[in-house]
Amino acid sequence: MALRFIGIDPDTGQQGSLTVWVDEEKRELVLQGWKPDGQLEAECAAFMAPGHAPGVPANEAVIRIPARMVPMLREACDVAERAGLR
């Protein structure tokens, strides 16, 4: 796996490690975030996107990332785009 580290949320301290990577081999962004509470997970599962069935498939997960990590997410997107990982 060609996993490229982008950054860790600086506000997590020793309590956690919300992290952003780019997997250049699989052409994916890899995110480690907080698990949602039951209410948020239910709200996401109930969301009706056009052309898609409601729910969160068993092989997918809802995660939460703080907005303060937007610069890291932007950087990960830029890295993926520069590497031609579309």
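Residue numbers start at 1 and run along the sequence shown.
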S.K.: Taking all non-hydrogen atoms of both residues into account, name the closest pair between Pro57 and Gly55 and its distance.
M.R.: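 Where Pro57 meets Gly55 most closely, the heavy atoms are CD-O, 3.7 Å.
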S.K.: Any donor and acceptor pair, going by atom type alone, linking the side chain of Gln32 with main-chain N or O of Ser17 inside 3.5 Å?
M.R.: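 Yes: the side chain of Gln32 pairs with the backbone of Ser17.
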S.K.: Determine, step by step, whether Ile6 and Val22 satisfy the side chain to side chain contact (heavy atoms under 4.5 Å, CB included) criterion, reporting the C-alpha distance in whole Å, the side-chain angles of both residues, the deciding distance to 0.1 Å, and the verdict.
M.R.: CA-CA 7 Å; Ile6 301 298; Val22 174; 4.0 Å; yes
S.K.: Closest heavy-atom contact between Phe5 and Trp21?
M.R.: CA-CD1, 3.6 Å
S.K.: Identify the heavy atoms of Leu29 and Cys77 that sit nearest to each other, and give their distance.
M.R.: CD1-SG, 3.9 Å
S.K.: How about Pro66 and Asp11: do any of their side-chain heavy atoms sit closer than 4.5 Å?
M.R.: no
S.K.: Counting N and O atoms only, with roles assigned by atom type, does the side chain of Arg27 sit under 3.5 Å from a partner on the main chain of Gly84, one being a donor and the other an acceptor?
M.R.: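 Flag set: sc Arg27 to bb Gly84 pair under 3.5 Å.
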S.K.: Locate the shortest heavy-atom distance separating Val20 from Ala76; write the atom from each residue and the value.
M.R.: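 Looking at all heavy atoms of both residues, the closest pair is CG1-CB, 3.6 Å.
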S.K.: Are Leu31 and Leu73 close enough that some pair of their side-chain heavy atoms sits under 4.5 Å apart?
M.R.: yes
S.K.: Roughly how far, to the nearest 0.5 Å, is NZ of Lys26 from CG of Leu85?
M.R.: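 Output value for this atom pair is 13.5 Å.
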S.K.: Same cluster for Leu18 and Val30 if Ile/Leu/Val/Met/Phe/Trp/Tyr side chains link at under 4.5 Å?
M.R.: no
S.K.: Which heavy atom of Arg64 sits nearest to which heavy atom of Pro36, and what is that distance?
M.R.: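 In terms of heavy atoms, the two residues are closest at CD-CA, 3.8 Å.
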S.K.: How far apart are the C-alpha atoms of Val79 and Glu24, what are their side-chain angles, what is the distance that settles it, and do they pass the side chain to side chain contact (heavy atoms under 4.5 Å, CB included) test?
M.R.: CA-CA 9 Å; Val79 164; Glu24 294 178 350; 4.1 Å; yes
S.K.: How long is the span from the CZ atom in Arg4 to the CD atom in Glu25, to the nearest 0.5 Å?
M.R.: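 Nearest 0.5 Å value for the CZ-CD distance: 15.5 Å.
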S.K.: Looking at Thr19 and Met69, what are the two nearest heavy atoms and their distance?
M.R.: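 Minimum heavy-atom contact is N-CE, 4.2 Å.
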S.K.: Should the heavy atoms of other residues, nucleotides or ligands under 6.0 Å from CZ of Arg74 be counted, would the total exceed 12?
M.R.: no
